[in-house]
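Single-structure report; data block below.
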Amino acid sequence: MNNQTFTDKYYIDRNNTSSIKWSRGKQMNCLPMWIADMDFRCDDRIIDSLSDFIRYGDYGYANLPEDYYDTVIAWHKKRNHVTYQQEWFRSSKGAVDAMYQVIHALTKEKDCIMINTPLYPPFRNTILAARRRVVESKLIDTDGYFTFDYADIEKKFKEKKVKMLMLCSPHNPVGRVWKKGELEELFALCKKYKVLICSDEVHSDIIMPDQTFYPALAFKEYQDRIISIIAASKSFSLAVFSHSHIVIANEKLRNRFIAYQQFYHTGGINVCNALPTYYAYRYGEEWMDSLNNVVFENYHYIKDTLGSYLNMTSLEGSYLLFLDLGKYNDQESASQCLIDHCKILTNPGEAFSKRYNNWVRVNLATSLDNIKTAVKAITEYIEKTGK
Ligand SMILES: Cc1ncc(COP(=O)(O)O)c(C=O)c1O
């Protein structure tokens with residue numbers, strides 16, 4: 001399906017709905033390009049299947065569809081060349097909830113946990129809420145291309161006796177899809193210093209055409225220290241259903257996690273919330289491919305029009321672009337500058353790391369028309385400054 005056909009069919013007007021993204025945009029009189037959800041509805045077959053379930057009216061205790069796990073496993077095998085086994089799966093009500101449970105179950109109070117910044121804020125907040133210590137290793141920024149600082153990571157692993165690395169793969173907000181060699185080098189350090197790896201892979205379905213995504217559990221040599229968090233919530237914009245999976249291959253580690261879930265009675269799967277994931281993986285492949293093309297086109301439009309003025313990440317995965325307003329920012333926060341001068345609402349860079357107050361995170365999962373509106377407003381502002 002070409003991009004215009006996809007947009008005509010699936011773009012939805014989210015004004016006057018309960019959408020957090022659009023309500024806040026309206027309140028601030030801005031085009032909302034913040035928060036990580038999409039302005040596209042799901043494929044018709046997903047909506048029809050859910051509607052059939054609702055319409056039939058049997059809301060008693062229910063099993064998951066018999067082939068639920070086969071369907072999830074087949075999706076990841078086909079798209080990401082990783083073979084999960086059904087017994088590796090646990091579930092939780094969303095990816096942030098999963099992070100919190102993993103930290104609680106597999107580390108101790110005051111343990112040091114590493115994150116690579118700038119980073120989606122709940123990583124840090126969850127570690128702190130669980131009363132663990134955050135050890136930050138800054139990503140190296142080379143003109144908007146972010147890479148791990150292995151020397152710094154190793155030094156901190158050693159000095160701080162880090163127990164867990166919270167990896168974001170693909171990375172929010174810097175849009176990196178980590179290369180095989182990058183992950184191998186990182187995982188080898190984790191092995192050397194006995195660090196567990198919790199890999200949040202919720203953006204793994206949105207991968208630009210020239211990139212390959214490597215799921216952490218595909219690295220057999222390191223499988224025994226890996227916990228992956230996977231979900232269809234970002235890929236298909238199913239956040240309202242709060243459903244994700246924690247995948248653990250190592251039986252001992254998994255049993256510790258299961259014991260935690262049993263103790264806190266948190267492991268139960270909500271069938272109603274899992275159904276959209278099932279239908280999405282069954283029927284959503286063509287939709288997903290089209291969505292990827294739309295994001296790619298949006299990214300290129302921004303790169304082509306604003307790239308000569310502004311430094312930005314080279315988007316490899318996710319639909320989130322990290323953009324540096326550079327000399328055009330006349331406020332403490334670049335995000336405020338875009339609100340004041342362009343009527344565009346983005347996520348402030350400083351939310352991802354204090355030192356990124358000159359940056360904003362822009363959500364590209366919208367129509368090209370909205371992207372053009374934003375670009376026009378930014379270009380006019382830039383030209384007006386005369387810089
Ligand atoms: C990397 C990452 N993990 C987790 C989440 C949140 O997931 P959930 O809503 O399932 O908690 C997001 C949301 O943007 C995200 O970008």
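Keep in mind that this is a model prediction, so the values were computed, not measured. All ligand and atom numbering here is 1-based and tracks the order in the structure.
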At less than 4.0 angstrom from any non-hydrogen atom of [X], what atoms of ligand 1 do you find?
{"X": "Ala36", "answer": "14 (O)"}
{"X": "Asp200", "answer": "1 (C), 2 (C), 3 (N), 4 (C)"}
{"X": "Gly94", "answer": "10 (O), 11 (O)"}

**Item:** Donor-acceptor pair between Ser92 and Gln101 side chains, under 3.5 angstrom
**Value:**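 Side-chain D/A pair, Ser92 to Gln101: absent.
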
**Request:** Say whether Glu201 and Ser199, considering side chains only, have a donor N or O and an acceptor N or O under 3.5 Å apart.
**Result:**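 Yes, Ser199 and Glu201 have a side-chain donor paired with an acceptor closer than 3.5 Å.
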
Is there any N or O on [X] that sits under 3.5 Å from an N or O of ligand 1?
{"X": "Val96", "value": "yes"}
{"X": "Met99", "value": "no"}
{"X": "Lys234", "value": "yes"}

**Prompt:** Side chain, backbone, both or neither: which part of Cys168 comes within less than 4.0 Å of ligand 1 when only heavy atoms are counted?
**Reply:**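 Side chain only.
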
**Request:** Answer yes or no for atom 9 (O) of ligand 1: protein heavy atom present at a distance under 4.0 Å?
**Result:**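 No, no protein heavy atom sits under 4.0 Å from atom 9 (O) of ligand 1.
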
**Item:** Pairs meeting criterion side-chain hydrogen bond (donor to acceptor under 3.5 Å, both in side chains) with involvement of residues 225-242, two or more places apart
**Value:**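 Only Asp205-Ser235 qualify under side-chain hydrogen bond (donor to acceptor under 3.5 Å, both in side chains).
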
**Request:** Quick one: look up the protein heavy atom nearest atom 6 (C) of ligand 1 and list residue, atom name and how far away it is.
**Result:**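 Of the protein heavy atoms, Tyr120 OH, 3.3 Å lies nearest.
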
**Request:** Give the residue, atom name and distance (to 0.1 Å) of the protein heavy atom nearest atom 7 (O) of ligand 1.
**Result:** Ala95 CB, 3.5 Å

**Complete:** salt bridge (Lys or Arg N to Asp or Glu O under 4.0 Å) pairs touching residues 84-97, sequence neighbours excluded, are Lys93-Asp97

**Request:** Might you confirm whether atom CD of Gln85 has over 12 heavy atoms from other residues, nucleotides or ligands at distances under 6.0 Å?
**Result:**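 Counting other residues, nucleotides and ligands, CD of Gln85 exceeds 12 neighbours.
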
**Message:** Nearest non-hydrogen contact with atom 16 (O) of ligand 1 belongs to which option: His243, Lys93, Met166, His203?
**Reply:**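 Residue with the shortest heavy-atom distance to the ligand atom: His203.
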
**Message:** Would you compute the distance between atom CZ of Phe352 and atom CG of Leu320 and round it to the nearest 0.5 angstrom?
**Reply:** 7.5 Å

**Asked** For Trp359, is the NZ or CZ atom of Arg361 found under 6.0 angstrom from the centre of its six-membered ring and inside 45 degrees of the ring axis?
**Response**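 That pair does not qualify as a cation-pi contact.
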
**Asked** With under 30° as parallel and over 60° as perpendicular, where do the rings of His171 and Trp178 fit, or are they tilted in between?
**Response**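 Ring orientation of His171 relative to Trp178: perpendicular.
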
